[in-house]
Amino acid sequence: MSGFAAAAHAARSGVPGRSSAGPGAKVLTIGQVMERLRADFDDITLSKIRFLEAEGLVEPARTSSNYRKYSADDVARLRYVLHAQRERFLPLRVIKEELASLDRGETPVHRPGPRPLPPNPGPTGLDAILGAERDRMSRRELLAAVGLPEEDLADLERHGLVAPIAGGGYYDADAVVVARTVALLAGHGVQARHLRAARTVADREAGLIEAATAPLRGQRGADNSGRHAQTADELAALLVRLHAALLRSRLAAARSS
């Protein structure tokens with residue numbers, strides 16, 4: 001066990017340090033690393049591993065042909081990063097500081113990240129379908145969370161599927177859901193350009209909801225804003241349910257024809 005690993009083991013149960021793949025040590029390809037991590041992090045991708053390397057969080061050795069060689073320490077280091085992102089919601093800058101402390105043989109002070117507060121009562125409407133998180137993240141953090149290369153995110157933005165929050169260069173949780181879903185669809189040959197119709201439908205339905213809830217905007221009262229938002233959310237959830245039922249009906253009709 002490396003000096004980093006010994007210090008980290010006391011702090012967080014076996015977090016190793018910089019690559020320690022010496023002669024005769026077992027090494028893994030990037031694909032093998034992804035398969036090992038997928039058991040605990042089902043959204044891991046090759047692009048995300050490469051991104052974390054580009055950010056200096058892991059530094060695998062290279063063969064003479066420039067192929068990556070990952071050691072057991074490299075894999076554990078990646079686990080540390082992914083766990084800190086998912087469980088403590090830490091930005092990469094803070095994770096890098098913790099890793100640097102471990103590299104020096106120190107025990108880092110583990111700071112909790114900005115955990116979203118659970119809604120009370122339980123989530124309803126679209127929050128029940130998509131999640132109630134409202135955290136924001138930078139462009140780099142979005143790329144890391146989804147495992148997309150920069151050019152793929154630019155493609156999503158070009159087709160109007162993902163956009164930063166108005167007034168800043170940050171993205172919300174919905175952007176993560178959209179990006180991850182489009183990435184899964186891409187595995188079946190569906191590209192961002194094929195999904196412009198979905199954006200058009202969403203725009204039309206948003207207009208329908210705004211028209212239906214417009215009378216609430218004109219009503220006076222302290223709770224008017226809350227009533228408007230709640231009604232809009234309920235209508236949105238009903239439209240999602242309608243869309244799913246119609247889609248299933250069309251697929252059933254296509255199979256029976």
Side-chain angles (χ1 to χ4, degrees), residues 34 38-48 86 116 118-119 121-137 139 141-166 170-217 226-257:
M34 184 183 70
R38 183 166 284 165
D40 297 313
F41 306 94
D42 56 9
D43 61 344
I44 190 66
T45 63
L46 297 178
S47 296
K48 185 167 185 176
R86 186 182 67 187
T124 59
L126 293 181
D127 283 349
I129 298 170
L130 300 173
E133 292 82 1
R134 290 293 181 267
D135 286 346
R136 70 177 191 174
M137 61 187 70
R139 189 178 188 86
E141 289 171 333
L142 174 63
L143 290 169
V146 180
L148 282 177
E150 170 68 34
E151 57 268 24
D152 285 1
L153 179 56
D155 193 41
L156 296 183
E157 292 177 323
R158 184 165 56 253
H159 292 290
L161 297 170
V162 170
I165 300 170
Y170 292 90
Y171 299 80
D172 59 16
D174 291 336
V176 176
V177 173
V178 171
R180 282 179 174 163
T181 303
V182 174
L184 292 172
L185 288 168
H188 297 277
V190 180
Q191 303 300 317
R193 60 189 175 85
H194 300 141
L195 300 170
R196 284 179 293 186
R199 169 60 192 272
T200 300
V201 170
D203 288 342
R204 289 174 179 171
E205 291 182 343
L208 176 64
I209 292 171
E210 284 302 309
T213 58
L216 292 176
R217 289 185 178 276
R227 288 180 57 203
H228 178 272
Q230 180 180 358
T231 302
D233 197 49
E234 289 173 355
L235 289 172
L238 289 172
L239 286 171
V240 170
R241 183 177 181 183
L242 174 64
H243 179 79
L246 290 173
L247 181 59
R248 185 166 64 180
S249 176
R250 297 298 186 275
L251 290 173
R255 287 193 295 267
S256 62
S257 62

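Sequential numbering from 1 along the given sequence is applied to the chain's residues. Quick note: numbers below take in every heavy atom, side chains included, and nothing from hydrogens, waters or symmetry partners.
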S.K.: Looking at every heavy atom in both L46 and M34, which two are closest together, and how far apart are they?
M.R.: N-SD, 3.5 Å
S.K.: Could you pull out the closest heavy-atom pair between D43 and A145, with the gap in Å?
M.R.: OD2-O, 3.7 Å
S.K.: If I compare all heavy atoms of L184 with all of H188, which pair ends up nearest, and what's the gap?
M.R.: O-CD2, 3.4 Å
S.K.: I need the minimum non-hydrogen distance between E150 and L143, along with the two atoms involved.
M.R.: OE1-CD1, 3.5 Å
S.K.: For the CZ atom of R86 and the CG atom of D40, what is their distance to the nearest 0.5 Å?
M.R.: 7.0 Å
S.K.: For Y170, look at atom OH and say whether over 12 heavy atoms of other residues, nucleotides or ligands are found less than 6.0 Å away.
M.R.: no
S.K.: Could you tell me whether a side-chain N or O of R196 sits under 3.5 Å from a main-chain N or O of R193, the two making a donor and an acceptor?
M.R.: yes
S.K.: How long is the gap from CG on L185 to CZ on R180, to the nearest 0.5 Å?
M.R.: 14.5 Å
S.K.: Quick check: closest heavy atoms across P164 and E157, and the distance to 0.1 Å?
M.R.: CD-OE2, 4.0 Å
S.K.: Output all residues satisfying side-chain contact (heavy atoms from CB on, under 4.5 Å) with V201, sequence neighbours left out; order by chain, then residue number.
M.R.: E205
S.K.: As a test of understanding, state which of V176, D152, V177, T181 forms a side chain to side chain contact (heavy atoms under 4.5 Å, CB included) with V146.
M.R.: V176
S.K.: Over all heavy atoms of both residues, which pair between L156 and A192 is shortest? Give the atoms and the distance, please.
M.R.: CD2-CB, 3.8 Å
S.K.: What distance separates I44 CD1 from R38 CZ, expressed to the nearest 0.5 Å?
M.R.: 8.5 Å
S.K.: More than 12 heavy atoms of other residues, nucleotides or ligands under 6.0 Å from CZ of R241: is that the case?
M.R.: no
S.K.: Do the side chains of T200 and R204 get nearer than 4.5 Å, heavy atoms only?
M.R.: yes
S.K.: Please list, chain by chain and in numerical order, all residues satisfying side chain to side chain donor-acceptor pair (under 3.5 Å) with D155, sequence neighbours excluded.
M.R.: R158, H159
S.K.: I'd like to know whether NE2 of H243 has more than 12 heavy-atom contacts from other residues, nucleotides or ligands below 6.0 angstrom.
M.R.: no
S.K.: Sort out for me which residue in L208, V240, T213 forms a side chain to side chain contact (heavy atoms under 4.5 Å, CB included) with L235.
M.R.: T213
S.K.: Tell me whether D172 contacts the main-chain N or O of A175 through its side chain, where contact means a donor paired with an acceptor under 3.5 Å.
M.R.: yes
